[in-house]
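Every chain is numbered from 1, with letters handed out A, B, ... down the list of sequences.
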2 protein chains.
Amino acid sequence: MMTAKIESFVLHCGEMGSRWGFNRTVGQILGLLIIHQDAFSAVQISDVLNISRGNVSMGIKELQSWRLVKINHKPKDRKEYYSPAGSIWELAMRVFEERRKREVDPTLSLLRHNLLDEPANPQEQYAQSKMYEMHELLETITHWAGELQSMNPEKLNTLMKLGSGVSKVIDMKDKLMKNS
Amino acid sequence: MMTAKIESFVLHCGEMGSRWGFNRTVGQILGLLIIHQDAFSAVQISDVLNISRGNVSMGIKELQSWRLVKINHKPKDRKEYYSPAGSIWELAMRVFEERRKREVDPTLSLLRHNLLDEPANPQEQYAQSKMYEMHELLETITHWAGELQSMNPEKLNTLMKLGSGVSKVIDMKDKLMKNS
DNA sequence: TTGAACTTTCAGAAAGTAGTGAAAGTTTAT
DNA sequence: ATAAACTTTCACTACTTTCTGAAAGTTCAA
């Protein structure tokens, strides 16, 4: 059914699943859908990966909450067929964004809240200075991430491929700014 | 012992712990150390957070594997006192780098390996094209991350604060390149 | 070299997370 | 309206991770 190399990829996705933010089966399902050209029905997924039908349903639901799969229909067939919701690039972006929401946003809002009132003593003073530092860092990262996501892929690619050139471009920009 | 706001921060770090890549107590310990100006001994940590002495030992070990805590000694005292291994910025960078190692590198090496030999049939052909796509994306990200980490904090900050300016700077660079 | 003061390890308990499969729910064709 | 073809839910089981506390290990002063 699956060649050795394809299978190794799918199993790898399963193992990495929890590190990427989901669980093993969700990782496997995602890997399976990415690596195959055609869409899979729930039963097919359940057969190929040897997991229960119910688990597939949960998994697909989870992948939908990450906006990583889309549903397709075939003519004369009521089943739902699942496939990746976009290119590799788009999927990666979504995972990135979703994780930012889960890993950064709650902290940002806690920090914002805790920074509202005045520190009551030197200990709190210090604590707030650290929270401020964290807040600023996370805000910058969030803003920057939004910025990157609003760029089109080619421009983003140009930027990333720039590599050490980034430094030079910034220096250049500084000089040009001074002249104006 | 801890004021309400400081405690809420520490508990929050605990809750976020698993999302950031560690577990609850490791998160709490890190939060505790970050938010207090003075270093804590293992017993103090165990008392303040109500966790066993053994668990503190495990937690500190874990934090050391992430290069997030450093050990201090006080005169006339054999105990080890733990404190954050650097500024908020540096800690964030370390977490970032460590996670890249755990979340990206293994996949990169699997992909590299799977791309070595020729596809045996159209299905493998397609699979390899996707793996190639993923490989390229991850390579770019890795390379870019290394680039960012080798920049000094001010320059990085300039870059991040640039925001939408990045686009403009790239355009500008393109124009200047053409002239040369 | 002893023992007090500390840290680390680890087996087992507790807590948390994921997976199953049967039952309930939904949709569509007739 | 019914029933076939599907999807979702959920109580329960299986598995995994985390935590504890006692025992073992280490270090150092005397």
So, with a heavy-atom separation below 4.0 Å from DNA chain D, the residues of residues 22-32 of chain A are none
Rounded distance (Å) that lies between atom [atom2] of [N] and atom [atom1] of [X]:
X	N	atom1	atom2	value
His73(A)	dC6(D)	NE2	P	12 Å
Glu80(A)	dA5(D)	CD	C1'	12 Å
Arg19(A)	dT17(D)	CZ	P	11 Å
Leu49(B)	dC19(D)	CG	P	11 Å
Arg53(A)	dA5(D)	CZ	C1'	11 Å
Ile60(B)	dC19(D)	CD1	C1'	16 Å

At a cut-off of 3.5 Å, list every protein nitrogen or oxygen paired with a nitrogen or oxygen from nucleotides 25-29 of chain D, distance to 0.1 Å.
unit_1  : atom_1 : unit_2   : atom_2 : d
dT27(D) : O2     : Arg78(B) : NH2    : 2.6

Query raised in the report: Does Asn55(B) or Tyr82(A) map to a spot on DNA chain D nearer the 5' end, using the closest nucleotide for each?
Result: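 The 5'-side residue here is Tyr82(A).
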Q. Between Asp77(A) and Gly54(A), which is nearer to the 5' end of DNA chain D once each is assigned its nearest nucleotide?
A.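 This one resolves to Asp77(A).
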In this structure, CG of Leu111(B) is separated from NZ of Lys5(A) (nearest 0.5 Å) by 12.5 Å
Measuring from atom CZ of Phe40(B) to atom CD1 of Ile60(B), what distance do you get when rounded to the nearest 0.5 angstrom?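 Rounded to the nearest 0.5 Å, the CZ-CD1 separation comes out at 11.0 Å.
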Within the side chain of [X], is there an N or O that forms a donor-acceptor pair under 3.5 Å with the backbone of [Y]?
X	Y	result
Glu139(A)	Leu108(A)	no
Glu136(A)	Glu133(A)	no
Ser46(A)	Ile51(A)	yes

**Asked** Are Tyr81(A) and Gln44(A) close enough, and set up right, to give a side-chain contact (heavy atoms from CB on, under 4.5 Å), and what steps lead you there?
**Response** CA-CA 9 Å; Tyr81(A) 289 85; Gln44(A) 286 177 303; 3.8 Å; yes
Note to self: Would Arg102(A) pass as a cation-pi partner of Trp66(A), given that its NZ or CZ must be under 6.0 Å from the six-membered ring centre and within 45 degrees of the axis?
What the structure shows: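 Ring-cation test returns yes.
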### Message
Any carboxylate oxygen within less than 4.0 angstrom of a Lys/Arg side-chain nitrogen, looking at Glu97(A) and Arg94(A)?
### Response
no
Contact class for Ile51(B) (heavy atom, under 4.0 Å): base, sugar-phosphate, or nothing?
sugar-phosphate
message = Contact between Arg24(B) and Glu15(B) at the side-chain level, heavy atoms closer than 4.5 Å - yes or no?
response =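 Arg24(B) vs Glu15(B): side chains apart.
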Q.
I'd like to check Val10(A) versus Leu49(A) (side-chain heavy atoms, cut-off strictly below 4.5 Å). Are they in contact?
A. yes
| query | Parallel under 30°, tilted from 30 to 60°, perpendicular over 60°: which one fits the rings of His12(B) and Trp20(B)? | reply | perpendicular
Quiz item: Along DNA chain C, 5' to 3', what are the outermost nucleotides having an atom less than 4.0 Å from a heavy atom of chain B?
Solution: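 The contact span of chain B on DNA chain C goes from dA4(C) to dC10(C).
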